[in-house]
Structure formats: C-alpha cells, structure tokens
Amino acid sequence: MSKISVQLGERSYEIVIEPGVLDRAGAEISSMHRGGTVAVISNPRVAGLYASALTRSLDAAGIPHSVFAVPMGERYKSLSTCRKLYEHFLDIKLDRAGMVIALGGGVIGDLAGFTAGTFVRGVDFVQIPTTLLAQVDASVGGKTAVDLPRGKNLVGVFHQPKRVLIDTNTLKSLPKRELRAGLAEVFKHGIIHDQYLFDFTRDNAEALLNAEPTALEVVIRRSCEFKADVVRRDERESGLRAILNFGHTIGHAIETLTGYSRFKHGEAVSMGMAAAARLSAVWGYCTQDACNNLITLLEAAGLPVQLPSMERDSCLAAIQKDKKRALGTIRMVLMKSIGEVFIEEISTEKLASAFKDTLQMQ
Ligand SMILES: NC(=O)c1ccc[n+]([C@@H]2O[C@H](COP(=O)([O-])OP(=O)(O)OC[C@H]3O[C@@H](n4cnc5c(N)ncnc54)[C@H](O)[C@@H]3O)[C@@H](O)[C@H]2O)c1
Ligand SMILES: [Zn+2]
C-alpha cells in the first residue's frame, strides 16, 4: 500500500494505492463525508464489474448513495451528458453536503469531476480510477473538462478531488489495448522527468501488460508522485505543468481529426510523442539516437508511432483550436533527452514546413 500526498494548502488530498481498496472505499471517505447523498458516476461496463463492491462499502459506512451509468465512450464526455447528470443530481437532492464519486476511466473522471465542480458552484469529489491511464494520470491534479464537437477538453474547471482511491485489482479486467494506452502516459512521465521510470516500464512491459500488481504499483506510485509534485508547484498550469502535455499537441489533433473513436487517448499520445521526438531531433534539440530509442520502445510495447494520414492544414487548424496555443505561435513540449523536456513557442510557418518535410503530411 502506498499513500501520496498532493500538497495544495486547503485543497490538499491523499492518493491511496492499494489492491482491494475499493472494498473499503466507504470507510476511506466517511471522515470527509458531510452527511448528504453521494452520486456515483460510472458506465455500464465498469458499474457491472465494480459498483456493487463500492455500494456495499458505502452501505456499511452508512453513506446514502445512488449510481448513474453514462453510456460508454469519449463522445459522451459532452455538455449534453452533463445536463443529464445535473438533472440526476436534482432528482436525488444532491447538495453541498453531498459528494460525487467517479468510478471508471478518464472519461468518467473528467465528466464526473466537471459536473461536481460546476453543480451548485462545486460539490466534493472523489476519484476511483479503474483504467491504468486514469490511475497514472487523469485522476490526479484536478483538471476536469468535457469536449465540444470542434475540440477536446474545451470546457472545463480545475476541481481537485478530496481523495483518489487506486485499486490495482480493477486493472485485471481491463483489456490489453487499454493497458497499453495507459503505458503511453507512463512512458510520457519517464521521458519528461524520470529515466528510472522509463527504464522500468521498458524492462517490465510484459508484466505490466499482464496486470502484475507489484510492477503496476511501482509505475502508478512513481507516476502519481511525479504528477503530484508538478501540480503542487503549478496547480493551474501557468508554466511548469504544461510539460505534462508532451505528445499531446499533435495527439489531441489526431483524436479530433479521427472523431475521437479510431484511437485510444494513450495511442494518440504515443503517436504525438513519436512526432514530437522526430521534430526535436530534426530541429537539433535532441540526438537522433534519443529519438530512435523512444520510438523503438513505444513500438516494442505495441503502441502506434506512425501518424495516420492527415492533411497538414487540418492538423494545424486542429492544433490552433486546442487550448494550449499561445497567440500566433504553437506552444510545444520538445525533448532534450529521455528524462528531460522543455517548452518552446514554435511559429506556425516552422511547424507547417516540418509537418511536410519531417512528418510527411500532405
Ligand atoms: N483530467 C486529466 O488530467 C486527464 C489526463 C489524461 C487523460 N484524460 C482524459 O481521459 C480520457 C481517457 O481515459 P481512459 O483512457 O481511461 O479511457 P476511458 O475512460 O474511455 O476507458 C476506456 C475503456 O475501458 C473501460 N474500462 C474502464 N475501467 C475498466 C476496468 N477496470 N475493466 C474493464 N473495462 C474498463 C471503459 O468502459 C472504456 O470502455 C480522455 O477523455 C482524456 O482526455 C484526462
Ligand atoms: Zn493524456
């Protein structure tokens, strides 16, 4: 069992990583529960697997609750789903003494977090992430958002959870493709900051893809420690926190241009990281060897590294709509070496010509 503290003054909270913690979630949250109804937000698959363990533990702790299942898929991370959730919150008389619990992957975490952060100007929120991607990344840090048809995560709020409960046993039912997608964000943390994590993930990729609990706990703990530290130093992404977006500028464009359905978020991030490494090498920021090393390892873990065919202009337009853009230029996270990245403002013209020459976009 590991406990990591996210130090944010009065918004501080703990991340608990423990196989089986779901069975005692009620006891874990009872000290912070203020007496009102708890809305558990999940989806049909995850609720079918894990909602009864959670509701049993809430019953045992005497916490009143209801479960709402949102249909599966990124396209339900939308304002129209939020509206249904707000209606449900009114139906169950959720108020500021209540709480919202996200039980699911990053889609459910973002959606439940956003509705918790906006309903009656904010109710308490607990994350119980059930995908590797959500356990190593999405559930920590308080960024919540929904998508608009023209771009991802365009409407959101910062709303920190009161606690994050990570039950590594839930990953046993996660399809391999989802585990792989989660590994992409673990590699990302390694590339940004932690050569040990990168090497460990490479050397234990098979154990991780077999949901082996000891290996999982190492990568989840190190990822959460790293993310907690970045968030502590820059909660609202005024600078440093943007390094976490390595691979995401092009990754988000891929997701937007392929309708959020062809690739998993982590797969898009993998292609985005490979593209960012290629650009870093061609612009002379990192060696070709470091770039090749990264791409070989992503491929060895079964992650995609070649961009899908995309029109250069559409890709640039999608990037410009992405909220991480600074006026007139594109803010990109580039690589110096495995374990070190930096942020650079790149002119649209420079990016357009590199898209053509280096990334072979038409
Ligand atoms: N807020 C943040 O900081 C942040 C960071 C990274 C990603 N995200 C967001 O997270 C989302 C992606 O999250 P994701 O990769 O977890 O995808 P997801 O939430 O879509 O989950 C993937 C699939 O796995 C299923 N699933 C979840 N847990 C399961 C389990 N234990 N067993 C079996 N099936 C299970 C889900 O039903 C779903 O079909 C994107 O919307 C992305 O923008 C947010
Ligand atoms: Zn991501």
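FYI, the numbering just counts along the sequence from 1. All of these numbers come straight from a predicted model, not from anything done at the bench. Both ligands and their constituent atoms are indexed starting at 1 by order of listing.
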(message) Quick check against the 3.5 Å criterion: does Ser2 have a side-chain atom that pairs as donor or acceptor with the backbone of Ile17?
(response) no
(request) With heavy atoms under 4.0 Å as the rule, classify the contact between Val46 and ligand 1 as side chain, backbone, both or neither. (result) side chain
(message) Determine whether Glu28 and Arg24 satisfy the following criterion, salt bridge (charged side-chain N to carboxylate O under 4.0 Å, His left out), listing intermediate values before the conclusion.
(response) CA-CA 6 Å; Glu28 274 287 334; Arg24 43 177 206 82; 2.8 Å; yes
(message) With salt bridge (charged side-chain N to carboxylate O under 4.0 Å, His left out) as the criterion, how do Glu267 and Arg262 come out once you've worked through the C-alpha distance, each side chain's angles and the decisive distance to 0.1 Å?
(response) CA-CA 10 Å; Glu267 293 169 345; Arg262 181 162 156 209; over 6 Å; no
(request) Please say whether more than 12 non-hydrogen atoms of neighbouring residues, nucleotides or ligands are located less than 6.0 Å from NZ in Lys84. (result) no
(message) Please tell me whether Ser139 and Gln127 have a donor and an acceptor in their side chains that are separated by less than 3.5 angstrom.
(response) no
(message) As an exercise, state the distance from CG of Asp167 to CG of Leu54, rounded to the nearest 0.5 Å.
(response) 11.0 Å
(request) Would you mind listing which atoms of ligand 1 come within a distance below 4.0 Å of any non-hydrogen atom of Met72? (result) 37 (O)
(message) Taking CZ in Arg312 as the centre, count heavy atoms belonging to other residues, nucleotides or ligands within less than 6.0 Å. Is the count above 12?
(response) yes
(message) Students should be able to answer this: which protein heavy-atom is nearest to atom 29 (C) of ligand 1, and at what distance?
(response) Leu174 CD1, 3.5 Å
(request) Report yes if Thr131 has an N/O atom closer than 3.5 Å to an N/O atom of ligand 1; otherwise report no. (result) yes
(message) At less than 4.0 angstrom from any non-hydrogen atom of Asn43, what atoms of ligand 1 do you find?
(response) 36 (C), 37 (O)
(message) Looking at Glu212, I want to see if its CD is surrounded by more than 12 non-hydrogen atoms of other residues, nucleotides or ligands under 6.0 Å.
(response) yes
(message) Pairs of nitrogen or oxygen atoms closer than 3.5 Å, one from Thr170 and one from ligand 1: do any exist?
(response) yes
(request) With heavy atoms under 4.0 Å as the rule, classify the contact between Asp110 and ligand 1 as side chain, backbone, both or neither. (result) side chain
(request) Could you tell me whether Asp147 approaches ligand 1 through its side chain, its backbone, both or neither, with non-hydrogen atoms closer than 4.0 Å? (result) neither
(message) Under 4.0 Å, heavy-atom basis, I'd like to know which part of Val107 is in contact with ligand 1: side chain, backbone, both or neither.
(response) both
(request) Go around the Zn ion (ligand 2) and count every protein N, O or S atom nearer than 2.8 Å. (result) 3
(message) Working note: Phe89 + Thr37, criterion side chain to side chain contact (heavy atoms under 4.5 Å, CB included); need CA distance, chi angles, decisive distance, verdict.
(response) CA-CA 9 Å; Phe89 294 166; Thr37 298; over 6 Å; no
(message) Assess, by modelled atom type and distance only, whether the side chains of Ser238 and Asp234 contain a donor and an acceptor separated by less than 3.5 Å.
(response) yes
(message) For atom 23 (C) of ligand 1, what's the nearest protein heavy-atom neighbour? Residue, atom name and distance, please.
(response) Glu178 OE2, 3.4 Å
Which atom pairs, donor and acceptor, lie under 3.5 Å between side-chain atoms of residues 332-341 and protein residues at least two apart or in another chain?
none

(request) Note the single closest protein heavy atom to atom 28 (N) of ligand 1, along with its residue, its atom name and the distance in Å. (result) Thr130 OG1, 2.7 Å
(request) Take every heavy atom of Lys227, measure it against each atom of ligand 1, and state whether any distance is under 4.0 Å. (result) yes
(request) Run the numbers for me: atoms of ligand 1, each under 4.0 Å from some heavy atom of Ser173, listed by number. (result) 30 (C), 31 (N), 32 (N), 33 (C)
(message) Closer than 4.0 Å to some heavy atom of Glu74 - which atoms of ligand 1 meet that?
(response) 40 (C), 41 (O)
(message) Given Gly141, Gly48, Ala138, identify the one with the heavy atom nearest to atom 8 (N) of ligand 1.
(response) Ala138
(message) If only side-chain N and O atoms count, and only distance matters, is there a donor-acceptor pair under 3.5 Å linking Ser173 with Tyr50?
(response) yes
(request) Give the residue, atom name and distance (to 0.1 Å) of the protein heavy atom nearest atom 34 (N) of ligand 1. (result) Arg45 CD, 3.5 Å
(request) Closest by any non-hydrogen atom to atom 7 (C) of ligand 1: pick that one out of Asp137, Ile108, Leu133. (result) Leu133
(message) For Leu49, which part has a heavy atom under 4.0 Å from ligand 1: side chain, backbone, both, or neither?
(response) side chain
(request) Using distance alone, decide if ligand 1 has a nitrogen or oxygen within less than 3.5 Å of any nitrogen or oxygen in Pro175. (result) no
(request) Tell me which protein heavy atom sits closest to atom 10 (O) of ligand 1, plus the residue, atom name and distance to 0.1 Å. (result) Gly106 CA, 3.2 Å
(request) Scan Glu74, Glu255, Glu178 and name whichever one has a side-chain hydrogen bond (donor to acceptor under 3.5 Å, both in side chains) with Lys264. (result) Glu178
(request) Measure the distances from the heavy atoms of Lys152 to every atom of ligand 1 and state whether one is below 4.0 angstrom. (result) yes
(request) Answer yes or no: is there an ion pair linking Asp59 with Arg56, defined by an N-O contact shorter than 4.0 Å? (result) no
(request) Please assess Glu225 against Arg222 for the test salt bridge (charged side-chain N to carboxylate O under 4.0 Å, His left out), listing each intermediate value before the final yes or no. (result) CA-CA 5 Å; Glu225 279 167 355; Arg222 274 190 98 97; 5.7 Å; no
(request) Select one of side chain, backbone, both or neither to describe which atoms of Lys264 lie under 4.0 Å from any atom of ligand 1, heavy atoms only. (result) neither
(request) Enumerate the atoms of ligand 1 whose separation from the nearest heavy atom of Tyr50 is less than 4.0 angstrom. (result) 31 (N)
(request) Report the residue from Thr170, Val70, Leu103, Ile128 that forms a side chain to side chain contact (heavy atoms under 4.5 Å, CB included) with Val46. (result) Leu103
(request) For the residue pair Ser66 and His88, confirm or rule out a side-chain donor-acceptor distance under 3.5 Å. (result) yes
